[in-house]
2 protein chains.
Amino acid sequence: MVEKKIDRRILRTRQKIKETFAQLMEEKGFEAMTVRDLTERADINRGTFYLHYLDKYDLLEKSEDELFEDMEKIADEVWGNLSLNQYDQVNLDEPFPFIIQLFEYMEENYEFIRVLLGPNGNSAFQVRVKEVIKKKMLEKFLRYTQPEKMLVPMDYLVSYVSSAHLGVIQQWLGRGMDRTPQEMALLLSNISNFGPAYVAGLKEIIEEKK
Amino acid sequence: MVEKKIDRRILRTRQKIKETFAQLMEEKGFEAMTVRDLTERADINRGTFYLHYLDKYDLLEKSEDELFEDMEKIADEVWGNLSLNQYDQVNLDEPFPFIIQLFEYMEENYEFIRVLLGPNGNSAFQVRVKEVIKKKMLEKFLRYTQPEKMLVPMDYLVSYVSSAHLGVIQQWLGRGMDRTPQEMALLLSNISNFGPAYVAGLKEIIEEKK
DNA sequence: CTTTTAATGAACACTGTGTTGTGTATTCAT
DNA sequence: ATGAATACACAACACAGTGTTCATTAAAAG
């Protein structure tokens with residue numbers, strides 16, 4: 001890997017732009033924000049902004065890219081399978097490690113992520129986050145199930161679970177992160193493994209039906 | 001209810017605006033579209049647009065409102081509980097009527113809804129759709145479960161299921177609606193009632209654990 | 001210390017916005 | 001059918017934001 005020394009001025013300017021960008025995202029949202037707003041607040045020349053980014057959409061994209069890359073890194077590093085018991089079976093009491101780490105990452109970067117995943121957030125970003133989760137969930141399902149045993153199409157099932165996870169993350173962020181990443185991951189694990197109806201208390205009916 | 005006769009010219013103009021709006025939403029998306037684009041395409045004067053809407057955001061909001069109201073109407077009309085068997089128990093084989101109707105509504109209005117719920121869609125609208133589903137799911141859970149039997153917090157459970165439903169709807173729209181509303185509703189019902197892990201084929205493990 | 005280059009400040013043309021005033025044409029009510 | 005009401009067209013307006021350019025200044029690199 002080639003180590004390039006980047007001019008300090010560049011680093012400082014980009015840093016200031018990103019800081020201010022995060023601030024304004026929270027205060028007025030992306031669409032309402034202008035490049036003028038940003039550069040005035042950041043106390044840099046408007047022209048300077050265009051030395052670094054094509055426009056505000058480019059800035060958004062590049063900022064999202066960083067978060068996205070972090071998340072993919074987590075997904076790749078955390079070999080996110082459940083631990084296996086003596087029968088090489090899934091341990092259903094244990095939360096999914098990747099999900100814990102994902103919550104932890106959200107917690108660390110909540111300022112910006114909260115906005116991106118919020119009601120005035122960015123659909124495209126949400127789709128990307130969902131893709132990361134989907135990939136991991138697909139891995140999990142493929143690991144522990146035989147395709148011929150599936151009762152519903154794999155892609156819809158993955159879509160179901162991943163969207164559910166993202167939705168719970170959004171709810172959690174919106175509530176000001178009222179639980180720990182561990183608690184949240186366990187909660188999600190319980191619903192996903194035992195099923196919404198079961199954890200809602202419909203046990204008898206389900207047992208009977210099966 | 002007072003029957004107001006609205007000037008035909010108004011109706012025609014608004015009709016044309018909405019038609020063109022839907023077209024442009026699909027072609028270039030909301031943010032890329034200008035009022036100029038719209039009025040030129042619709043062949044009306046730009047000033048006329050401002051006689052009916054404050055700006056393009058107002059137009060978007062009012063268009064979404066209509067869809068939203070339709071969905072709430074469906075939610076209110078369809079007494080969306082599952083049918084009960086002789087023991088006054090939930091029939092788990094039957095899809096949720098409200099969900100069938102929701103899919104049918106999406107199918108009818110797919111041109112516009114596909115864009116709003118798509119990757120370049122509107123987060124706020126997605127939140128609103130989710131709210132409609134949430135309300136109905138909460139009703140369902142409250143109907144069939146006793147709060148003290150709940151194994152996870154109600155609000156997170158509702159969030160989980162509703163987000164999952166919306167996610168599957170989005171997937172379905174993105175795939176060009178490859179199944180019927182009935183099939184989709186049954187699929188969702190199966191996952192929600194028996195659980196993702198169960199329908200993925202992890203039956204033995206789950207039985208053993210319980 | 002010299003060279004390189006990032007940032008500044010000011011100006012530019014351009015696009016889109018939202019409003020206004022006047023005239024025309026359609027619609028409504030009788 | 002006719003007059004009154006009003007929605008729409010047309011044109012012009014000031015304004016805000018964009019993205020670019022160029023000469024100048026300041027800071028960093030070597």
Side-chain angles (χ1 to χ4, degrees), chain A residues 1-66 115 120 122 124, chain B residues 1-66 115 120 122 124:
Chain A
M1 196 66 179
V2 185
E3 282 286 333
K4 267 189 189 175
K5 280 189 184 175
I6 303 178
D7 196 311
R8 290 191 209 110
R9 289 170 293 183
I10 294 183
L11 293 175
R12 255 192 275 120
T13 303
R14 289 195 183 154
Q15 181 64 22
K16 241 193 296 186
I17 289 178
K18 280 177 197 163
E19 272 175 33
T20 314
F21 183 52
Q23 274 179 34
L24 288 176
M25 280 290 279
E26 196 156 7
E27 286 179 30
K28 47 197 316 189
F30 179 71
E31 291 306 335
M33 172 194 326
T34 68
V35 175
R36 266 204 158 78
D37 289 336
L38 193 145
T39 52
E40 278 174 14
R41 174 83 70 101
D43 198 39
I44 59 167
N45 192 274
R46 196 165 60 84
T48 305
F49 175 88
Y50 292 103
L51 292 175
H52 297 277
Y53 303 98
L54 292 174
D55 49 33
K56 67 171 185 169
Y57 295 94
D58 186 44
L59 171 58
L60 175 65
E61 208 176 297
K62 284 181 174 149
S63 303
E64 287 181 352
D65 280 351
E66 288 180 19
V115 183
N120 291 313
N122 184 297
Chain B
M1 195 66 179
V2 185
E3 283 285 333
K4 267 190 188 174
K5 279 189 181 174
I6 303 178
D7 196 311
R8 289 193 209 106
R9 289 169 292 183
I10 294 181
L11 294 175
R12 254 191 277 120
T13 303
R14 290 193 182 156
Q15 180 65 22
K16 240 193 297 185
I17 289 178
K18 280 177 197 165
E19 273 175 33
T20 314
F21 183 53
Q23 274 179 34
L24 288 176
M25 279 290 279
E26 196 154 7
E27 286 179 29
K28 48 196 318 190
F30 179 71
E31 292 305 334
M33 171 193 328
T34 68
V35 175
R36 266 204 159 79
D37 289 336
L38 193 145
T39 53
E40 277 175 14
R41 174 85 69 100
D43 200 38
I44 60 168
N45 192 272
R46 195 166 60 84
T48 304
F49 175 88
Y50 293 103
L51 292 175
H52 297 277
Y53 303 98
L54 292 174
D55 50 32
K56 69 171 184 170
Y57 295 93
D58 187 47
L59 170 59
L60 175 65
E61 208 176 297
K62 284 181 173 149
S63 303
E64 287 182 352
D65 281 350
E66 288 180 19
V115 183
N120 292 312
N122 184 298

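The sequence lines fix the lettering, A, B, ..., with proteins before strands; numbering per chain opens at 1.
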**OP:** For A/Ile17 and C/dT8, give me the distance from atom CD1 to atom C1', rounded to whole Å.
**Re:** 14 Å
Subject >> Set of residues satisfying side-chain contact (heavy atoms from CB on, under 4.5 Å) with respect to B/Lys16, sequence neighbours excluded >> reply: B/Ile44
Original post:
How many angstroms lie between CG in B/Leu60 and CD in B/Glu64, if you round to the nearest 0.5 Å?
Top reply: 4.0 Å
Subject >> Close approaches to DNA chain C from residues 49-63 of chain B, in residue order (heavy atom, under 4.0 Å) >> reply: B/Tyr50, B/Asp55
Polar-atom pairs under 3.5 Å, protein N or O versus N or O of nucleotides 25-29 of chain D: list them with distances, or write none.
residue: D/dA27; atom: N3; partner: A/Arg9; partner atom: NH1; Å: 3.2
residue: D/dA28; atom: OP1; partner: A/Arg12; partner atom: NH2; Å: 2.2
residue: D/dA29; atom: OP2; partner: A/Arg8; partner atom: NH1; Å: 3.2
residue: D/dA29; atom: OP2; partner: A/Arg8; partner atom: NH2; Å: 2.9

Original post:
Taking only residues at least two apart or on different chains, which pairs with a member in residues 23-45 of chain A satisfy ring pair (Phe, Tyr, Trp, His ring centres under 6.0 Å)?
Top reply: A/Phe30-A/Tyr57
Original post:
Okay, side chain of B/Lys56, backbone of B/Glu31: is any donor-acceptor separation there less than 3.5 Å?
Top reply: yes
Subject >> A/Leu24 CG to A/Ile17 CD1 distance, which is reported to the nearest 0.5 Å >> reply: 12.0 Å
**OP:** Name all residues meeting the salt bridge (Lys or Arg N to Asp or Glu O under 4.0 Å) criterion together with B/Glu27; count only those two or more places apart in sequence or in a different chain, and write none if there are none.
**Re:** B/Arg41
Original post:
Going from OG on B/Ser63 to CG on B/Asn122, what distance comes out if it is rounded to the nearest 0.5 angstrom?
Top reply: 11.0 Å
Under 3.5 Å, which protein N or O atoms sit close to an N or O of nucleotides 10-16 of chain C? Give each pair with its distance.
none

Subject >> Value rounded to 0.5 Å, distance of CE in A/Met25 from CG in A/Leu59 >> reply: 9.0 Å
Original post:
Given C/dA7, is OP1 or OP2 found less than 4.0 Å from the side-chain N or O atoms of A/Thr13?
Top reply: yes
**OP:** May I have the distance from B/Lys16 (atom NZ) to C/dT26 (atom C1'), rounded to whole angstrom?
**Re:** 13 Å
Subject >> Dot-bracket encoding per residue of DNA chain C, Watson-Crick/G-U cut-off under 3.5 Å, | denoting interstrand >> reply: |||||||||||.|||||.||||||||||||
Original post:
Who pairs with B/Tyr50 by ring-ring contact (aromatic ring centres under 6.0 Å, His included), at least two apart in sequence or on another chain?
Top reply: none
Original post:
side-chain hydrogen bond (donor to acceptor under 3.5 Å, both in side chains) with B/Asp65: which residues, sequence neighbours excluded?
Top reply: B/Arg128
Original post:
Rounded to whole angstroms, how far apart are CG on B/Leu11 and C1' on D/dC8?
Top reply: 14 Å
Original post:
Could you state the CD-P distance from B/Gln15 to D/dA7, rounded to the nearest angstrom?
Top reply: 18 Å
**OP:** With sequence neighbours left out, write down each residue that passes salt bridge (Lys or Arg N to Asp or Glu O under 4.0 Å) with B/Glu40, or none if nothing qualifies.
**Re:** none
Subject >> For B/Leu54, side-chain contact (heavy atoms from CB on, under 4.5 Å) partners two or more places apart >> reply: B/Asp58
Original post:
Sequence neighbours excluded, which residues qualify as salt bridge (Lys or Arg N to Asp or Glu O under 4.0 Å) partners of B/Arg9?
Top reply: B/Asp7
